[in-house]
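Starting from 1, each residue takes its place in the sequence as its number. These numbers come from the heavy atoms of this one structure, side chains and all, not from hydrogens, waters or symmetry mates.
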Amino acid sequence: EGAAASEEGTLASCLCAAAVALLTNIAQCHLRADPPLYDKALAYCDEALRIDPCNVKALFRKGKALLELKDFVAGYAALARAAELEPKDAGIRNELARAQELAQEQEC
């Protein structure tokens with residue numbers, strides 16, 4: 001009984017990881033679409049984050065989508081959380097700096 005429960009837990013974990021990977025990849029497709037579909041990208045990121053709230057790719061892509069949707073505060077928050085989780089990632093740091101600039105421009 002214990003081994004079966006362990007196998008079920010492992011399977012569920014693998015399925016969740018696969019779902020998050022698929023959702024973040026679909027979000028990336030929407031970000032790169034011509035024209036980009038930022039609202040759809042955001043929805044897929046939110047779904048991925050519902051499964052794994054600390055998924056860096058989902059946070060990063062959510063932040064990018066929110067910036068393009070002109071929600072600079074929420075975009076900055078998502079990117080800041082991604083930066084907390086992956087502090088050495090240059091792409092995240094660059095996008096975070098961009099978010100800060102956009103938020104400051106909006107305040108002026």
Of all the heavy-atom pairs spanning Leu67 and Ala99, show the shortest one and how long it is. CD2-CB, 3.6 Å

Strictly distance-based, threshold 3.5 Å: is any side-chain N or O of Arg61 a donor or acceptor partner for the main-chain N or O of Thr24? yes

Determine whether Val56 and Ile92 satisfy the following criterion, side chain to side chain contact (heavy atoms under 4.5 Å, CB included), listing intermediate values before the conclusion. CA-CA 9 Å; Val56 174; Ile92 293 170; 3.5 Å; yes

State yes or no: do Phe72 and Leu59 share one hydrophobic cluster built from I, L, V, M, F, W and Y residues joined by side-chain heavy-atom distances below 4.5 Å, directly or via other members? yes

Find out if a path of hydrophobic residues (ILVMFWY) with successive side-chain heavy-atom gaps under 4.5 Å connects Ile26 to Leu31. no

salt_bridge(Arg98, Glu68) N-O dist < 4.0 Å: yes

Apply side chain to side chain contact (heavy atoms under 4.5 Å, CB included) to the pair Arg81 and Cys54, showing each step before the final yes or no. CA-CA 8 Å; Arg81 179 67 179 130; Cys54 294; 3.3 Å; yes

Quick one: list whatever passes ring-ring contact (aromatic ring centres under 6.0 Å, His included) with Tyr44, sequence neighbours left out. His30

One pair to check against side chain to side chain contact (heavy atoms under 4.5 Å, CB included): Asn55 and Leu23. What are the steps and the verdict? CA-CA 11 Å; Asn55 185 276; Leu23 291 164; over 6 Å; no

Report the distance from atom NZ of Lys57 to atom CG of Asp89, rounding to the nearest 0.5 Å. 10.5 Å

Side chain proximity check, Leu42 to Asp71, heavy atoms < 4.5 angstrom: no

Approximate separation, where rounding is to 0.5 Å, of Lys64 NZ and Gln28 CD: 6.0 Å

